[in-house]
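Note that the structure is a prediction, hence the values are computed from the model and not measured.
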Amino acid sequence: MLNLAFLAAFITLPIIAFLLIRNLTWLAVYLVGATMIMGIVVSSGAIPPHDWDFHQLQVALLIALIAVVGAALLHRRRESPQRPATTIRRQLATVFLPATAILAVLVLSRILAPPAGLGGPVGYFILNRGAEDNAKWLDFSSQLATGLPITQSVQTGGPLQLALVFVATFFAVVSLIALGGVNEVMVAANTVIYAQFMFVAAIPFALSPLAEAKIRGRSNPRQESTSSFIPAPAIWIGIVAMAAGSLGAIGLGHLTLQFAFLVLGLWVAVFLVRSPIPRGRILTSLAAVSLATVWFPLAPVSVLILLGCGAWFVTTALRARDIRVVDPVSFLLWLFVCLVLSEPLIGALRYLTDQPIATGMGVASGGGVSTATAIPALDLLESSGGTEVVAPALGLLVAASALLAALFVSRANHRLGRVQRSLLFAPALLLVAYNLALNLLGTWWAGAGPNYGASKTMFMTSIVLLSVSLPLAIM
């Protein structure tokens, strides 16, 4: 019954927040921000180190969702109720409808796929042997289903753990109703499978800033009266592009990349369309920072984001000559993440560079004397295993759509200063620069490429930029 109560809360609280705000972009930003920050707490050891269990993680997710409802109540009280940026009808057409359609197709595919019944999920993993990256998530979900403290040799990131907790809670309730008890095999296997489906179905919510943004048209960008919403079919094209990439990641068991698509897509979109959501930029930036605990190759990006946010706070205060212009809540959130995430980030960076290895042996008169040369081993640049190499055609399409979107966004925001316009492209440019650096450095360092980090980030960056920029380029 406890799982049933948790599931009811997990479903009800986001609905309450939406009814209070009636803005999907606000809901997506604050849901992602709250769960990612709470996930940092889970994976960082900020709470006295211990092994989390199923119910403790459920409580952590519950606290994050309560925080979202609390923020919605504060927002509603401080600001007079206004007409939402988009009508309910438009939100249904651009977000809810495609999300429901995607989820229905994926669930139907599981219902029709052999073998059926309790052994179906197990058979799925047996037949899909190439998805070796599912191993760590199956290890986590299997321990999660037992209810015992979770112990792992390879730490899985707290933000993704909380997402899996929601799915595991759902199947624990389904198992209780259908079988009269919690079947651990059913819960463990279905948690991973349907988490993959959930991440694909959530793509429209990650692109919700595009659905709720008003952009001045190309014909006369200087007239405010010409501003209009991005057509729903254009947004659907972006959703299809990211869904295709996410489905491709399912085939190789890259649950981590599917999760990264959602967070990075929301981050890029919030900046690119200049979303008016209060604290939207800082929340999505901190959410992107927390991805380092989920997928270690993003640790350098997380460090750069934290430094960039800190520099922005300093320059804003210096420019105004008044520290009060800096939003205290945003600053405290940034400071909290810096303090709590410092240890995991340092650990990830150490893992990327490994420990220096000693090579060489010299022999001196009177006995053997060893001489050592420290050579850093950069796993991010040398490790093999990268398979998602973007085809040249996809690369050209990404470049063309990104260029058109950049030109359009620049014209639509022509009244902004150069620095403010540059800030709109900061997330996209950071991802592109990091991707290029990995490709060039990886090829130089390892003598061949792209390898693990470069190929994965190339795939991830291409899908995210293509999905966000295509609707703007079509507009």
Can you label the angle between the [X] ring and the [Y] ring as parallel, tilted or perpendicular, going by 30° and 60°?
X: H55; Y: F6; value: parallel
X: F331; Y: W334; value: tilted
X: Y194; Y: F171; value: tilted

Determine the minimum heavy-atom distance between [X] and [Y], stating which atoms define it.
X: M186; Y: S175; value: SD-CB, 3.8 Å
X: A292; Y: S302; value: CB-OG, 3.2 Å
X: V192; Y: S141; value: CG2-OG, 3.6 Å
X: S109; Y: F197; value: OG-CZ, 4.4 Å
X: A269; Y: A206; value: CB-O, 4.5 Å
X: L164; Y: A195; value: CD2-CB, 3.4 Å

In Å and rounded to the nearest 0.5 Å, what is the [atom1] to [atom2] distance from [X] to [Y]?
X: L162; Y: M36; atom1: CG; atom2: CE; result: 9.5 Å
X: L176; Y: N183; atom1: CG; atom2: CG; result: 11.5 Å
X: R274; Y: F271; atom1: CZ; atom2: CZ; result: 13.0 Å
X: L430; Y: W267; atom1: CG; atom2: CH2; result: 5.0 Å
X: S208; Y: L266; atom1: OG; atom2: CG; result: 6.0 Å
X: L144; Y: T146; atom1: CG; atom2: OG1; result: 7.5 Å

Does a side-chain heavy-atom distance below 4.5 Å link [X] with [Y]?
X: F54; Y: N3; result: yes
X: L160; Y: F199; result: yes
X: V337; Y: I40; result: yes
X: E212; Y: R90; result: no
X: L61; Y: F166; result: yes
X: F259; Y: L291; result: yes
X: I21; Y: Y30; result: no
X: V68; Y: T35; result: no

Taking L255's backbone N and O only, do any of them form a donor-acceptor pair with W137's side chain (distance below 3.5 Å, no angle check)?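 Flag not set: sc W137 to bb L255 has no pair under 3.5 Å.
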Under 3.5 Å, is there a donor-acceptor pair linking the side chains of S246 and Q258?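 Yes, a side-chain donor-acceptor pair sits under 3.5 Å.
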Candidate pair L306 and L345, rule side chain to side chain contact (heavy atoms under 4.5 Å, CB included), full reasoning: CA-CA 11 Å; L306 287 176; L345 276 179; 3.8 Å; yes
For a side chain to side chain contact (heavy atoms under 4.5 Å, CB included) check, start with the C-alpha distance between F336 and I37, then their side-chain angles and the critical distance, and finish with the verdict. CA-CA 9 Å; F336 173 79; I37 291 174; 3.8 Å; yes
One pair to check against side chain to side chain contact (heavy atoms under 4.5 Å, CB included): L92 and R89. What are the steps and the verdict? CA-CA 5 Å; L92 286 173; R89 185 175 180 179; 5.5 Å; no
Among L423, I282, V326, which residue meets the side-chain contact (heavy atoms from CB on, under 4.5 Å) test with W312?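 When side-chain contact (heavy atoms from CB on, under 4.5 Å) is applied between W312 and each of L423, I282, V326, only L423 qualifies.
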I would like to know whether D53 and L148 meet side chain to side chain contact (heavy atoms under 4.5 Å, CB included); could you show each step before the answer? CA-CA 6 Å; D53 60 28; L148 299 174; over 6 Å; no
